[in-house]
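The structure under discussion appears below in the form of C-alpha cells.
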Amino acid sequence: QVTLAESGGGLVQAGGSLSLSCAASGRTFSPYTMGWFRQAPGKEREFVAGIRWNAGTTYYADSVKGRFTISRDNAKNTVSLQMNSLKPDDTAVYYCAGRTRYGTSRYKEDYDAWGQGTQVTVSS
C-alpha cells in the first residue's frame with residue numbers, strides 16, 4: 001500500500017506564490033506518472049500537471065501553463081508543484097496522485113493512488 005501525503009497549502013494573495021509537496025511512503029514506490037489535480041467547491045476534480053517519474057517529462061493544463069512547475073525527486077520519492085502568479089480561480093483543494101500503469105494521463109480515473117489533499121486559497 002502506497003501512501004501519498006501533501007503539504008504546503010495555505011492562503012496567499014493574488015499574484016503570490018506557493019509550493020506544494022507530496023511525499024510517498026509504503027511499499028516500493030514505482031509509479032509511471034505522478035500528477036497534481038485540484039477540486040474547487042461544486043466542481044469536478046481537474047488535472048493540473050503531470051510528470052513521468054523516470055523520464056521527467058512534464059505536461060500541464062492550459063490554465064496553469066507558464067505559471068506552475070511540477071518536479072520530482074526520485075531519491076526522496078517526492079513530487080512538488082511550484083505555483084506562481086496565483087489567481088483567485090486557482091483556489092481549490094490540491095491532490096497528489098500516482099499512476100502505476102504505463103502511459104501518462106490527464107484523467108483522474110487513470111490514477112491508482114491519491115493523497116488526502118491540501119487547501120490552497122488565493123484572495124483577490
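It should be emphasised that the depicted structure is a prediction, and the values quoted were computed from it without experimental measurement.
Using a distance-only test at 3.5 Å, with no hydrogens or angles considered, no donor-acceptor pair links the side chain of R99 to the main chain of T33. With T58 contributing its side chain and S71 its backbone, the two residues share no donor-acceptor pair below 3.5 Å. Remark: the backbone N or O of G50 is not paired with any side-chain donor or acceptor of R106 at under 3.5 angstrom.
To the nearest 0.5 Å, atom CD1 of residue I51 and atom CD1 of residue I70 are 5.5 Å apart. Residue E6 holds its CD atom at 12.0 Å from CD of Q119, rounded to the nearest 0.5 Å. Atom OH of Y94 sits about 12.0 Å away from atom CD of Q39, to the nearest 0.5 Å.
Side-chain contact between R38 and V93 is absent, with no heavy atoms from C-beta onward closer than 4.5 Å.
The closest side-chain donor-acceptor pair between T100 and D112 falls under 3.5 angstrom. R72 and N74 share a donor-acceptor pair across their side chains, judged by distance under 3.5 Å alone. Judged by distance alone, the side chains of Q82 and S80 never bring a donor and an acceptor atom under 3.5 Å apart.
Salt-bridge formation is detected for the pair K65/D62: a Lys NZ or Arg NE/NH1/NH2 atom is positioned less than 4.0 Å from an Asp or Glu carboxylate oxygen. A salt bridge does not link E46 to K108: none of the charged side-chain nitrogens sits closer than 4.0 Å to a carboxylate oxygen.
Exactly one residue among V79, N77, T118 makes a side chain to side chain contact (heavy atoms under 4.5 Å, CB included) with C22. That residue is V79. For the side chain to side chain contact (heavy atoms under 4.5 Å, CB included) with F68, the qualifying choice from L20, L18, D90, N84 is D90, the only one to do so.
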Step-by-step side chain to side chain contact (heavy atoms under 4.5 Å, CB included) determination, F47 to Y59: CA-CA 10 Å; F47 171 79; Y59 51 110; 3.4 Å; yes
Side chain to side chain contact (heavy atoms under 4.5 Å, CB included) between T69 and Y60, intermediate numbers included: CA-CA 8 Å; T69 302; Y60 298 91; 3.9 Å; yes
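Here the shortest heavy-atom pairing between T78 and W53 reads O-CH2, 3.7 Å. Contact detail for C96 and M34: the closest heavy-atom pair is SG-CE, 3.5 Å. Across every non-hydrogen atom of R101 and D110, the tightest pair is NH2-O, 2.9 Å. Residues G9 and V120 share a closest heavy-atom pair of CA-CG2, 4.2 Å. For A49 against L81, the heavy-atom pair with the smallest separation is CB-CD1, 4.1 Å.
For A14, the side chain to side chain contact (heavy atoms under 4.5 Å, CB included) criterion is met by P88, V122, not counting sequence neighbours.
Judged as a ring-ring contact (aromatic ring centres under 6.0 Å, His included), the pairs with a partner in residues 99-124 (not counting sequence neighbours) are, in order, Y32-Y102, F37-Y111, F37-W114.
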